Every structure is written in structure tokens, then in C-alpha cells.
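Throughout, a chain's letter reflects where its sequence line sits, starting with A, and its residues are numbered from 1. Note: hydrogens, waters and symmetry copies are ignored here, and every other heavy atom, side chains too, is used. Predicted model only: the values in this text are computed from it and were never measured.
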Amino acid sequence: MSRYEAGVAEPKWQKAWTDKGCFETADIESPGGDTRPKYYVLEMFPYPSGRIHMGHVRNYAMGDVVARAKSAQGFAVLHPMGWDAFGMPAENAAMERNSHPAKWTYANIDAMREQLKAMGLAIDWSREFATCDPEYYAQQQALFLDFLDADLLTRKSATVNWDPVDMTVLANEQVVDGRGWRSNAPVEKRELTQWFFRITDFAEELLEAIDTLDGWPEKVRVMQRNWIGKSRGIEIPFALTDAAQGMEVVECYTTRPDTLRGASFIAISPEHPLSVALSETDTTIAAFRDECRLAGTSEEALEKAEKRGIGTGLSVVHPVYPDRTLPVWIGNFVLMDYGTGAVFGCPAHDQRDLDFARKYELPVANAFHMPGESVDVGDEALVPTKSETVVYVDHFAGLGETTSAEGIDATIDWMEARGLGTGQVRYRLRDWGISRQRYWGAPIPVVHCDACGIVPEKKENLPVRLPDDVTFDRPGNPLERHATWKHVACPACGMDATRETDTMDTFVDSSWYFARFCSPRATTPTNRAEVDRWLPVDQYIGGIEHAILHLLYSRFFARAMAKTGHLSPESVEPFKALFTQGMVTHETYSRTVKTNEGVERDVFFTPDEVSRDEEGVMRDASGEVITVGPTIKMSKSKRNTIDPEAIIARFGADTARWFMLSDSPPERDVEWTEAGAEGAARHLQRVWRLVTETAAKLNGAQGTATGASDLRKTTHRAIHAVTDDIAAFRFNKAVAQIYGLTNAVSQTDGKDLMALREAVEVLILLMAPMTPHLAEEAWAALGHDTMVVETPWPKADPALLVDDQITMPVQVNGKKRAEIRVDAKADKTVVEEAALADDAIQKLLDGGSPKKVIVVPGRIVNVVL
RNA sequence: GCGGGCGUAGUCCAACGGUAGAGACAGAGGACUUAAAAUCCUUCCAGUGUGGGUUCGAAUCCCACCGCCCGCACCA
């Protein structure tokens with residue numbers, strides 16, 4: 001009997017699918033029009049780093065299962081693939097190799113495309129594009145111009161990290177301990193005028209619509225809500241007793257105006273205009289500001305930083321109690337870019353304020369007590385939740401017992417009515433700055449003209465192409481120093497002008513690619529007929545790391561595109577359902593070695609470099625004992641990666657796919673183990689054996705399965721369960737069901753040939769979304785001359801899903817004591833009689849009668865004594 | 001600190017509030033074999049992190065605690 005040779009079968013069927021164009025999705029305007037319901041399944045497109053990793057295998061295996069199952073179930077499926085191809089790694093590689101980012105990127109794409117194709121994915125490759133293709137970024141530039149026209153863009157000043165040696169702007173992650181990652185030079189803050197998408201205009205809409213995203217994980221919805229960070233509060237002007245530095249008031253923002261009675265000081269940010277002004281004449285304040293700036297760079301410092309402050313000598317009048325004055329402090333914990341950069345401190349109801357007050361001996365006064373208590377605050381601030389009931393001192397924010405939420409609302413109304421403050425709704429969300437001072441991104445299509453100002457490039461001149469003749473051998477942006485590129489005529493007046501040399505954030509590229517896939521060659525950003533047919537994406541699959549930025553930006557972009565006519569207003573939520581898959585993990589292998597300096601450090605080994613000896617001890621090639629470390633996410637630094645290409649070469653793509661979908665629920669982490677992979681491969685061989693044996697037994701026999709044998713019942717139950725499990729993303733359970741069916745087939749006597757054939761064919765069809773190559777090979781072996789990809793999904797016969805007679809457990813006081821066989825449709829009284837008539841139950845009843853008998857039809861009987 | 005999630009056999013995981021086991025991995029024994037691999041058969045193993053509560057009945061719902069994971073965080 002022959003073994004299944006994945007190495008032969010997989011390329012064969014991949015070619016057969018491609019030759020027949022099985023996965024190419026027709027345009028809506030194509031002749032004959034596809035009237036099937038649509039289904040758009042999309043996995044987050046990869047960055048072309050050069051090689052696929054196991055995370056890709058898992059992500060794309062899941063998407064492929066959905067795509068193939070939906071296709072078999074009668075949907076017109078759109079399942080495209082592309083490349084998120086702009087970004088810094090390409091520039092870094094170009095610097096290292098003295099090459100060009102495009103060369104590196106497109107070579108990586110070629111390599112990764114081959115690797116993905118070896119996975120046998122049901123992808124419409126005719127729609128492939130990379131975001132660095134001029135055809136793509138031309139349309140992105142067109143969108144930019146339309147957004148500019150629709151007032152969805154603005155220009156304002158923003159602070160960037162500037163590397164004075166490399167003469168470049170650094171992303172936050174490129175700043176290590178306050179120094180540039182390459183140059184190691186201290187990073188400077190610089191103010192640059194940059195482009196921003198006005199995403200904050202949509203803050204409320206983006207927040208409210210989260211409630212409609214019921215196909216999204218709750219976790220992601222919570223993260224988006226927190227990111228938008230809506231709060232209701234009030235801005236209160238505190239009048240300075242003596243105007244200082246030309247300022248008469250300090251505006252404070254608070255979400256807890258109900259605590260205003262307990263205010264005992266004002267704290268302003270070191271960056272507050274008043275602090276800045278004071279530091280010009282006061283050297284102590286200047287020194288304090290300098291200290292804060294130094295301490296404030298690293299996150300670690302922020303976390304540990306002690307709450308410190310310095311008095312300004314100024315004071316303000318309490319707006320509600322004009323006879324009270326409050327001192328003004330500068331506090332290192334007050335952030336300039338949140339609220340107004342100034343807060344009032346209420347030590348009684350804020351732990352941070354209390355710490356500060358105790359340290360600098362400032363008064364502490366309660367604004368409220370818990371009902372029935374009136375103990376003053378000691379070392380711990382009294383901070384009840386807003387829904388808890390409190391009693392306000394002096395009825396400050398409410399009579400009698402009231403919740404803080406009511407107190408807050410009452411105070412805002414009361415203060416607004418008296419002109420003491422302005423109620424405000426604020427969002428944590430900031431406008432999205434997209435200007436990047438880099439080469440490898442989509443150029444921002446505007447020209448700076450001395451006479452006309454900022455002039456949009458004309459659409460007919462798009463794309464504003466990146467020049468090819470650039471070098472990375474010198475610091476700075478190659479676009480900036482290119483001899484001719486930026487020198488252009490003004491599109492408006494024709495005079496000499498300068499092209500903008502900033503490029504767009506790569507998040508822009510990924511914020512609309514899902515729409516572009518609907519008509520990837522259109523000469524406008526979208527073709528309305530196509531996007532209206534395909535959007536929204538019915539199922540989006542990717543990593544949780546994109547839970548906030550990418551998904552929020554895409555939601556914004558869809559709205560902006562709808563506003564500018566590129567999408568239907570019905571498509572403002574681009575992803576109907578989202579699934580976030582878990583990571584792929586592996587054991588780590590390490591050994592502690594001493595360096596020449598005598599320092600001990602751990603050296604990590606790849607799974608290939610270690611093996612177990614006869615005693616089961618892990619050793620490296622030289623025989624040294626290796627420590628097996630924790631199972632963690634595959635990463636280059638811990639060297640615990642498994643190369644998908646090697647796995648596919650050794651076991652085949654189907655085995656890799658099958659194992660990735662087995663055992664662990666898709667949203668959880670999955671551990672890659674050698675044993676697990678071998679087990680998956682064994683199962684595929686076992687299925688193949690069953691297929692060839694069945695084909696031999698059938699020997700061409702024709703006919704239809706009839707009757708209600710156990711095998712047929714098992715078969716149809718498997719159809720039912722696997723169909724449900726795939727639809728609900730329970731791939732691990734679908735796999736378990738298929739194992740169960742496999743066991744049933746191999747244990748059957750095989751006398752009912754037609755039932756056997758039905759079972760094996762169903763097995764193949766159910767496995768097909770996960771192991772498509774094996775399915776095709778098996779299908780052909782069973783004598784079919786059509787392909788599985790052209791075969792409809794099997795349908796479960798409802799009659800075979802139910803039993804006539806069922807076994808019901810009988811409990812006495814919650815403990816199982818007997819089993820009875822009853823008719824499945826028997827009514828409660830019949831079941832109750834049967835249960836009480838059981839010998840074991842009779843014995844326990846001991847002649848008495850039960851207090852109560854609970855019959856759950858089809859489930860259980862419980863007798864209460 | 002705030003928010004979310006997870007704790008079930010040696011391991012990964014199942015179980016509409018209703019018989020704790022679908023499935024896999026590993027282990028043990030056996031069959032086949034000159035032997036091994038492959039294959040097949042049989043089989044061992046937990047009472048669900050801990051403590052309460054609700055219920056006829058709790059892995060499942062509620063409360064508290066313990067442990068692990070993931071977000072967010074001087075957010076006023």
C-alpha cells in the first residue's frame with residue numbers, strides 16, 4: 001500500500017487549482033454576473049520581512065479554512081493577499097547592504113509569495129499588490145487630496161525625536177534610554193509642522209459605533225473605548241490673587257468637580273505657560289523644570305518617579321468659597337498634553353494628591369463621607385466609584401445621600417449656571433500625525449510655494465513617484481538631499497516651488513487596502529460597484545497587537561472615504577467580524593556560559609541544534625547539557641523559532657495546517673511541538689490508508705447509502721458538528737470531530753459499502769478546508785473526476801441526527817444511581833414512571849415516595865428524597 | 001492602581017446549569033515482524049486552583065481569596 005506523498009501531491013494540486021483559476025473572484029461587471037451571496041474573508045496582510053513565520057501559517061490557515069468552507073457552502077468568496085511593504089526595515093536593510101529599499105522589498109515579496117503558495121492557500125493572487133507599488137500609492141495620494149479638500153486633514157506643530165547625528169526623526173521605539181538606537185547620540189525634541197488626519201472629529205462616532213460591532217471580541221472593543229477615552233468634566237478658571245506674567249487665571253480641567261470643596265492647592269505642569277514664564281526669572285523653578293525634563297524620558301523613570309513639586313508663591317481664589325485661597329504649585333506629575341495642564345488637588349479623594357499634600361504639608365479636607373461615617377481621611381484617600389452613594393459635606397454637590405455621578409452632574413450644572421466653569425466632554429484620542437521624514441513611504445502630494453503657500457499636486461500628475469536614484473550612505477532623508485526631486489514648478493502659479501519631502505505613516509497604507517482589494521487595478525481609489533458589493537469584510541483575522549491603532553485608523557478611513565464618495569455610507573464599519581488569533585510558542589533551549597571576562601550569560605540554541613540523548617537529557621552538538629526553558633512566543637532573540645518552509649518540506653503543508661488548527665482554541669496560544677507535528681502527519685497517513693482501502697473495497701460499486709446504521713449516524717453528526725464548529729471558529733473541536741469520524745470509519749466492519757463510502761467521502765470533504773491537498777488526492781483516489789474545490793459542502797440528514805431510544809441517567813439527590821432506556825419522544829410522566837420503576841431507585845426509595853422528581857427531557861432525571 | 005481573560009488527567013484541550021471525557025500528545029501492555037520502523041488492539045491516570053453561596057443538580061452562575069497571562073496607566 002502506498003504512502004501519501006505530500007511532496008508530490010501538494011505541488012500537483014496547487015498547479016491544478018491555479019490552472020483552473022479556482023480561487024479567482026470575478027468582477028461584478030463580468031459577463032454572466034455572479035449572483036451568489038458574497039463573503040469577504042481577509043487576514044491581516046504581512047510585512048515582507050523575507051520569510052514567513054509560524055504566526056503567518058496559523059493566521060492564513062485559519063482564513064483559508066473559512067474561505068474554503070464558505071466557498072463550498074455556496075458563497076462567492078473574496079480572499080485576497082497583498083503586502084504591507086513600506087516602512088523602516090527596508091531603509092535599514094538598504095543602509096546595511098548599500099542597496100535600495102525597493103530591491104530588498106520586492107525580493108522579499110517574491111520569496112514570501114512562494115512560501116505562501118506552498119501552503120496551498122485558496123487566494124485570488126490576481127488581486128495581489130504591494131503598498132509600495134506606485135499604482136497603489138498613487139491612489140492613496142488621490143485619497144489624501146480628496147481628504148484635504150474635505151477638510152479631513154490639518155497641519156499643526158508636533159514634537160518629534162530628533163537624532164542630531166543621523167539627522168533624522170526617530171520613532172519612539174528607536175529611542176533607547178534617551179539616545180538614538182544607531183548613533184547613540186542624545187535625542188533632542190524638535191517642533192515640526194506636520195500633517196494630521198482629523199480623527200478626533202470622529203471621536204464620538206467612533207466610540208458610539210463600537211456598540212454595533214458585535215462580531216468583534218469584547219476585549220478589543222474595550223481597548224478601543226479606552227483609547228478614545230471619553231470623559232465628561234468641567235474647565236474651571238481659578239483667578240490668581242495677583243496677576244502674574246500677564247496671566248490672571250489658571251484654567252483647570254477636572255472630571256470630579258464634586259470634590260471642589262476639598263481643593264487645597266493648584267498644581268500646574270512644568271511645561272505650563274505659567275511655569276515657563278516663571279522660570280525665566282526664578283532660577284529655582286528653572287532648575288526644577290530642567291530636572292523634570294531629564295527624568296521624564298524613559299517609561300521606567302516615569303513609573304518610579306516620586307511625586308515632587310515646587311511652590312510658586314502664587315495663589316488663586318477658590319471659585320465657590322471666595323474667602324479661601326489656594327497655593328499654586330508646579331508638579332512633576334501633571335501632564336501638559338492632557339486637559340489644560342493644570343489641576344486642582346483634592347487630597348481627600350485622590351491618593352496622588354494626598355501623597356503630595358502630606359509631603360508638602362498642605363491641608364486635607366473631605367468633600368464627602370460614606371453614608372453613616374464621618375471619619376476624616378488619614379493615609380488613604382477616600383475614592384469610591386462614581387456609582388456609590390455618598391454624603392456631601394455642606395450639601396456641596398447634593399442633598400442627602402447621592403451617588404458621585406449625580407453629584408458631578410449637579411456641580412457642573414450649578415457652576416455653569418453661575419458662570420464659574422464650562423462643562424466639557426473630552427477625549428484622550430489625539431489627531432493622527434502622519435508625516436514621516438523618511439524615504440520609504442508614500443510621498444505626501446503637496447508643493448510648498450512662496451507665493452501660493454501649500455498647493456495640492458494635480459491629480460493628473462499622480463503618482464508623485466519616489467525617485468529611484470537615492471543613496472543611504474549619508475545621514476538624513478534622501479528625498480531632502482536629492483539633487484532635483486523636490487524642485488518643481490508650483491501647480492498653481494508655475495513659479496519655482498518645493499515639493500514636500502515627508503512621506504506618509506505606513507499605517508495609512510494599511511487603513512484602506514481592504515477596500516483596494518475589491519478593485520485592485522482601478523484608476524480611482526475604489527470602484528463603487530465593487531466596494532459596494534464586497535464591503536464590509538465579513539471576517540477579518542489577525543493578531544491582537546493591532547487591536548487599537550490599525551483597526552481604529554481603518555474605521556476612521558472608511559468614514560473619511562465615505563465622506564469623499566469612495567465608499568458607501570453603509571461601509572463605514574469596514575470589518576463586520578474580527579477574530580484575533582493567539583501566538584505560536586515553543587520551548588526555549590539555553591546554556592549558561594562564561595565569557596572571557598568571566599561574566600556568566602545564557603546562550604540560546606535553536607530546536608535544530610539540540611537533541612535528547614538515550615536518557616532523555618537535552619544536549620547540544622558538543623554534548624553539553626542544555627536547559628529546557630519556558631514555552632514562549634517564537635522569537636529570533638530566544639532562537640525558539642521553527643521555519644515553516646522546513647516543516648512544509650519535511651511533512652507537507654497539510655500537516656502544518658492541520659497541526660496549527662488542532663488542540664488549542666484559535667484565540668489562545670498554541671505550542672509547536674515535534675511530537676504534535678508527527679502526530680498530525682500520522683493522522684493524515686491514516687486517513688490516506690482508509691481511503692485507499694475503501695477504494696479497493698468499493699471497486700467501482702455504485703449506489704446510495706440508506707438506512708440508519710451507527711456509521712451513518714456518526715457521519716451525519718460529524719457533518720453537523722464540524723459545520724457549526726468551523727462557523728464558530730472552533731477549529732480545535734472540528735478537528736476532534738474529524739478524529740472521531742476517522743475512528744468510527746476504521747472500526748466499522750465495512751459490510752455496508754455504501755455507508756462506508758458515504759462516511760469516507762464526508763470525512764474527505766470535512767477535512768478539505770484544513771488539508772486541501774490530501775482531500776483532492778483522496779477524492780481522486782475514490783474515483784471522482786471533479787475536484788473537491790468544485791464540490792458542495794455535505795448536508796446532514798436531520799433524520800440521522802436524532803435517536804429513537806435514548807439512555808437517560810437517573811440521579812438521586814444529585815448523584816447518578818441508574819440509567820434507563822426510554823423513547824426519545826416520551827413525555828415527562830412516562831420517563832418519571834420508568835425512572836421510579838428502576839430496581840436501583842426502588843431500593844433507595846425503600847418503599848417511600850420521593851419529595852420531588854425533576855425530568856429534563858432528553859437529558860436527565862433527578863429524584864429528590 | 002484600573003480593565004479583561006484563564007486555572008479540568010503527566011501535557012494540550014472537550015463538556016446548552018444535567019452521566020466530568022469528544023479528541024490529540026505522552027506513558028504502559030499486547031499483536032504483527034528474525035528485528036526495527038510503520039500499523040493495529042487494549043489500557044492506566046483527574047473530580048475541575050482554594051473557600052463560601054445560589055440550585056433538585058455547579059467545571060459552568062454569584063462572592064472572596066490564590067496563581068498565571070494580556071491590555072491600559074502620573075488621565076486630573
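- Nucleotide A20(B): unpaired (no Watson-Crick or G-U wobble partner with both distances less than 3.5 Å).
- The partner of G1(B), taking Watson-Crick or G-U wobble pairs whose two distances both stay under 3.5 Å, is C72(B).
- Considering only side-chain atoms of Leu335(A), the nucleotide from C72(B), C74(B), A24(B) that sits closest is C74(B).
- Pairing for A15(B) is absent, with no Watson-Crick or G-U wobble pair whose two atom distances lie under 3.5 Å.
- Distance from the side chain of Ala736(A) is smallest for G23(B) among the nucleotides G23(B), A14(B), C40(B).
- Comparing the C1' positions of A46(B) and A59(B) gives a spacing of 12 Å, expressed to the nearest Å.
- For the pair Lys733(A) and A15(B), the criterion of a side-chain N or O lying under 4.0 Å from OP1 or OP2 is met.
- Applying the 4.0 Å criterion to OP1 and OP2 of A14(B), one finds that Asn732(A) has a side-chain N or O inside that range.
- Side-chain proximity of Arg689(A) to U39(B), C72(B), A24(B): nearest is U39(B).
- Side-chain atoms of Gln737(A) and Arg717(A) include no donor-acceptor pair closer than 3.5 Å.
- Taking atom CD of Glu671(A) as the reference point, atom P of C25(B) lies 15 Å away to the nearest angstrom.
- G47(B): glycosidic angle within 90° of 0, hence syn.
- The nucleotide whose nearest atom lies closest to any side-chain atom of Arg682(A) is, among C41(B), C72(B), C25(B), C25(B).
- Counting only distance, with no hydrogens or angles, the side chain of Asn862(A) and the backbone of Ile854(A) share no donor-acceptor pair below 3.5 Å.
- Residue-level contact check: Val334(A) touches the bases, meaning some heavy atom is under 4.0 Å from a base atom.
- Comparing G47(B) with U42(B), their P atoms are spaced 26 Å from each other, to the whole Å.
- Across the protein-nucleic acid pair, Leu763(A) atom CG and G23(B) atom C1' stand 14 Å apart, rounded to whole Å.
- For Lys825(A) and Asp823(A), the salt-bridge test fails: no basic side-chain N is under 4.0 Å from an acidic carboxylate O.
- For Ala675(A), taking side-chain heavy atoms from C-beta onward, the closest of the listed nucleotides C25(B), A14(B), A24(B) is C25(B).
- Asp725(A) places no side-chain N or O within donor-acceptor distance of the main-chain N or O of Arg730(A), the cut-off being under 3.5 Å.
- Of the candidates G3(B), A14(B), A24(B), G3(B) carries the atom nearest the Val222(A) side chain, counting heavy atoms from C-beta on.
- Where Gly341(A) and Trp227(A) meet RNA chain B, the nucleotide closest to each residue was compared, and Trp227(A) sits on the side nearer the 5' end.
- Within the 3.5 Å criterion, the main-chain N or O of Val328(A) finds a donor-acceptor partner in the side chain of Thr312(A).
- When the C1' atom is used for both A9(B) and G52(B), the distance is 27 Å, rounded to whole Å.
- Salt bridge present: Arg232(A) and Asp409(A) bring a charged side-chain N and a carboxylate O closer than 4.0 Å.
- Residue Arg352(A) has no polar side-chain atom (N or O) positioned under 4.0 Å from OP1 or OP2 of G1(B).
- Across the strands present, C32(B) finds no partner; the criterion is a Watson-Crick or G-U wobble pair with both atom distances under 3.5 angstrom.
- Rounded to a whole Å, the CZ atom of Phe333(A) is 13 Å from the P atom of A76(B).
- Using Watson-Crick or G-U wobble geometry with both donor-acceptor distances under 3.5 Å, G7(B) finds its partner in C66(B).
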Short N/O separations, protein against nucleotides 54-58 of chain B, under 3.5 angstrom:
| from | atom 1 | to | atom 2 | distance (Å) |
| --- | --- | --- | --- | --- |
| C56(B) | O2' | Asn862(A) | ND2 | 3.2 |
| C56(B) | O2 | Asn862(A) | ND2 | 2.4 |

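- A64(B) and G4(B) have their P atoms separated by 12 Å, given to the nearest Å.
- For the pair Ala342(A) and Arg686(A), both in contact range of RNA chain B, the more 5′-proximal nearest nucleotide belongs to Arg686(A).
- Spacing between C69(B) and C75(B) at atom P, rounded to whole Å, works out to 25 Å.
- Going from the P atom of C25(B) to that of A38(B) covers 13 Å, rounded to whole Å.
- With rounding to whole Å, Tyr253(A) atom OH is found 9 Å from A76(B) atom C1'.
- Rounded to an integer number of Å, the gap from Arg668(A) CZ to U11(B) C1' is 14 Å.
- You'll find that the side chain of Asn332(A) is closest to C74(B), out of C12(B), A24(B), C74(B).
- Checked against the 6.0 Å centroid threshold, His683(A) and Tyr739(A) count as a close aromatic pair.
- The partner of C61(B) is G53(B), by the rule that a Watson-Crick or G-U pair needs both atom distances under 3.5 Å.
- As the counterpart of U43(B), G27(B) is assigned, both hydrogen-bonding distances of the Watson-Crick or G-U wobble pattern falling under 3.5 Å.
- Rounded to a whole Å, the CH2 atom of Trp329(A) is 18 Å from the C1' atom of C74(B).
- Looking at the side chain of Arg859(A), the nearest of the listed nucleotides C16(B), U19(B), C12(B) is C16(B).
- Taking atom NE2 of His586(A) as the reference point, atom P of U11(B) lies 19 Å away to the nearest angstrom.
- Ser662(A) comes within contact range of no nucleotide atom at all, as no heavy-atom separation falls under 4.0 Å.
- Atom CD1 in Ile210(A) sits about 14 Å away from atom C1' in G3(B), given to the nearest Å.
- For the C1' atoms, the distance from A35(B) to G10(B) is 31 Å, rounded to whole Å.
- For CG of Asp710(A), the number of neighbouring non-hydrogen atoms (other residues, nucleotides, ligands) closer than 6.0 Å is 12 at most.
- With respect to Glu671(A) and Lys633(A), no salt bridge is recorded, no charged nitrogen being found less than 4.0 Å from a carboxylate O.
- Among the atoms of the strands shown, only primed sugar atoms or phosphate atoms (P, OP1, OP2) are found under 4.0 Å from some heavy atom of Asn743(A).
- Residue-level contact check: Glu819(A) touches the bases, meaning some heavy atom is under 4.0 Å from a base atom.
- No salt bridge links Lys828(A) with Glu833(A); every basic N to acidic carboxylate O contact stays at or beyond 4.0 Å.
- Across U33(B) and U43(B), the matching P atoms stand 23 Å from one another, rounded to whole Å.
- Arg256(A) comes within 4.0 angstrom of sugar-phosphate atoms only, judged by non-hydrogen atoms across all strands, and of no base.
- In summary, the side chains of Tyr589(A) and Glu587(A) do present a donor paired with an acceptor at a separation below 3.5 Å, with no hydrogens or angles considered.
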